[in-house]
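Written below as structure tokens is the structure these notes are about.
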Amino acid sequence: MKKQKLTNLFENFLKKDEIFNDKKVLQISHMPDVVEHREEQINQIAQILAPSLKLNRPSNIFIYGKTGSGKTLSMKHIAQNMLNVADKNKIPLKIIYINCKLKRVADTEYRIIAQLGRELGEKIPNTGLPTDEVYRIFFDALDKKEMLLLITLDEIDQLVNKAGDAVLYNLTRINEELKKSQVSIIGISNNSRFIDIVDPRVKSSLSEEDILFPPYNALQLQDILRGRANKAFKENVLEDGVLAKCAAYSAKEHGDARRALDLLRVAGEVSERECLSNVQIKHIDEAESKIEHDRVLDIITTQPKQSQAALYSILSLQSKGEAILTGQIYDIYKKLCNQTGLKTLTQRRIGDIIAELDMLGIINAKVISKGRYGRTREISLSTPDSTNNKIKRILEEGLDLL
DNA sequence: AGGTATTCACATGAAACTATTCTCTGAGTTAGG
DNA sequence: TAACTCAGAGAATAGTTTCATGTGAATACCTGT
């Protein structure tokens, strides 16, 4: 009996090929041959960067636009082309791409410079060295031979609000010291306001040129989706209107192409799991809630114990129906710590943890003033009840309750 | 009634501290010549 | 004497704690009518 089931499962698995042709195409990491609807921006950037092929230092560039508007993709596209040309003509051009958001890789001053040094072939330890020393290693490596270096710093805003703008300041000034080589910086950011919070000196040198990536509209999204879907799916798998709906959904959310692609891919996976041979419109709705559901669950399981405990406290208060306040959470949390032997943190810290959970979109927390009765955060859950139960179970497991 | 001052219950900020991970350095030790 | 070992100093970093200051509006308290 069981054996039979298993056989079925595998049989079905083989049939699954009916939908996807090449799922990789729908992944964000996939590089298409052409970047659609970004010709203008790409041209602008290419024109600014072109002098680097003659070893003239191009202006620094600041690129901004909402998530999923093709900034990173366009930049990588350009970089690839430039490197091809440089390679063919033996031009000592180097383009380094660093994503400043990557935790424990490139989110501090030390790590950025260390990463740059490593790209130039130096061996730099993760810790133990003074930051100055790392600067020196990078600098020496750079000036050893003549070259032009383009440093692409993605999510540069994350870097600045975590580690300050000292790195940028140093990097923008490094040309004054270099004898043989030259450096240009390309900063990519999600929010345009970021540039206003940095040191004015950094600001003026970083944004010698500004490029704005506007969000895609629904039609453009549809084009993009169509292009990728043709490769990713088998023929006639997509029901009419699927792409349109996908595009419309994401256009509403500030035209995020990444989201649109995710949506389409997951919709495909959903119908695949149901062993259907086509993707229907309803699958998109399912995909949307599945993505959200998975995202939340994923965040929660990877959250540290203390955050989990805080969240669990919120969940156990939530059933009472009334508004949840920071103080109440802290009370419950303290009891919970006693119960589980977890170290009790200060209220200050728990306050921060609550703010973090809010940032992650797991809960809604807004600061309200209750007049005479103080000021606090009012917290509510942002997930549906069905998910909450699951969350609770996960947390109980994670916290060794029960 | 209308205006001001208080007051609550945290929020928010900054600095300092703790613990961990890692390098570098130099003293002490070992093994071979 | 060269090579090796190992402890201690010094760094970077994440996660906290400690201390200090901020804050929005419901109430308490006046004031003059």
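Bear in mind the structure is a predicted one, so any value in this text is a computation, not a measurement. Naming: A, B, ... by sequence-line order, numbering from 1 per chain.
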Open item on the list: I'd like to know if A:R348 reaches the base of B:dG13 with its side chain, counting only an N/O donor and acceptor under 3.5 Å.
Closed with: yes
Open item on the list: Less than 4.0 angstrom from a charged side-chain N to a carboxylate O is my criterion; do A:R393 and A:E396 meet it?
Closed with: no
- [ ] Using whole Å, report how far CD of A:E378 lies from C1' of C:dA25.
- [x] 15 Å
Task: Proximity to the side chain of A:R104 - top-ranked nucleotide from B:dA11, C:dT13, C:dA14 - done: C:dA14
Open item on the list: From CD1 of A:I113 over to P of C:dT13, roughly how many Å is that when rounded to an integer?
Closed with: 11 Å
Task: Atom-to-atom span, CD1 of A:I324 to C1' of B:dC10 - whole angstrom - done: 17 Å
Open item on the list: When you measure from the side-chain N and O atoms of A:T346 to the phosphate of C:dT18, is any distance below 4.0 Å, counting only OP1 and OP2?
Closed with: no
Open item on the list: In this structure, how many angstroms lie between the C1' atom of B:dT18 and the NZ atom of A:K343, rounded?
Closed with: 9 Å
Open item on the list: Rounding to an integer number of Å, can you tell me how far A:E109 CD sits from C:dT13 P?
Closed with: 8 Å
Task: Separation of atom CD1 in A:I353 from atom C1' in C:dG15, rounded to whole Å - done: 9 Å
Task: Contact nearer the 5' end of DNA chain B, comparing A:Q347 with A:N126 - done: A:Q347
- [ ] Please confirm whether A:R38 makes a cation-pi placement over A:Y216, using NZ or CZ under 6.0 Å from the six-membered ring centre and within 45° of the ring normal.
- [x] yes
Open item on the list: Using modelled atom types and a 3.5 Å cut-off, is there a donor and acceptor pairing between side-chain atoms of A:R377 and backbone atoms of A:T326?
Closed with: no
- [ ] Indicate whether OP1 or OP2 belonging to C:dA12 is found under 4.0 Å from a side-chain N or O atom of A:T131.
- [x] yes
Task: Nearest listed nucleotide, side chain of A:T127, among B:dT23, C:dT16, B:dT21 - done: B:dT21
- [ ] Check whether any side-chain N or O of A:S181 sits under 3.5 Å from a backbone N or O of A:M147 as a donor-acceptor pair, and report yes or no.
- [x] yes
Task: Whole-Å gap separating P (C:dG24) and NZ (A:K366) - done: 16 Å
TODO: Would you indicate, yes or no, if B:dC10 has its OP1 or OP2 atom less than 4.0 angstrom from a side-chain nitrogen or oxygen of A:R372?
DONE: no
- [ ] When you get a sec, tell me which of B:dC24, C:dT17, C:dG24 is the closest nucleotide to the side chain of A:L345?
- [x] C:dT17
Task: Minimum-distance nucleotide (side-chain atoms of A:R375 versus C:dA26, B:dA9, C:dG15) - done: B:dA9
Task: Sugar-phosphate, base or nothing in reach of A:T344, heavy atoms under 4.0 Å - done: sugar-phosphate
Task: Euclidean distance, atom CG of residue A:D132 to atom P of B:dT23 [Å, nearest integer] - done: 19 Å
Task: Electrostatic pair A:K144-A:D140, nearest N-O below 4.0 angstrom - done: no
TODO: Looking at every strand, decide which applies to A:E133 at a 4.0 Å heavy-atom threshold: base, sugar-phosphate, or nothing.
DONE: nothing
Open item on the list: Under 4.0 Å from OP1 or OP2 of C:dA14: is there any side-chain N or O of A:K162 that close?
Closed with: yes
Open item on the list: I'd like to know if A:R349 reaches the base of C:dT16 with its side chain, counting only an N/O donor and acceptor under 3.5 Å.
Closed with: no
- [ ] Go through C:dA14, C:dA11, B:dT12 for me and flag the one nearest to the A:V367 side chain.
- [x] B:dT12
TODO: Report the nucleotide, chosen from B:dA11, C:dT27, C:dA12, that has the shortest atom-to-atom distance to any side-chain atom of A:T376.
DONE: B:dA11
Open item on the list: Could you measure the distance from the CD1 atom of A:I394 to the CG atom of A:L399? Nearest 0.5 Å is fine.
Closed with: 11.5 Å
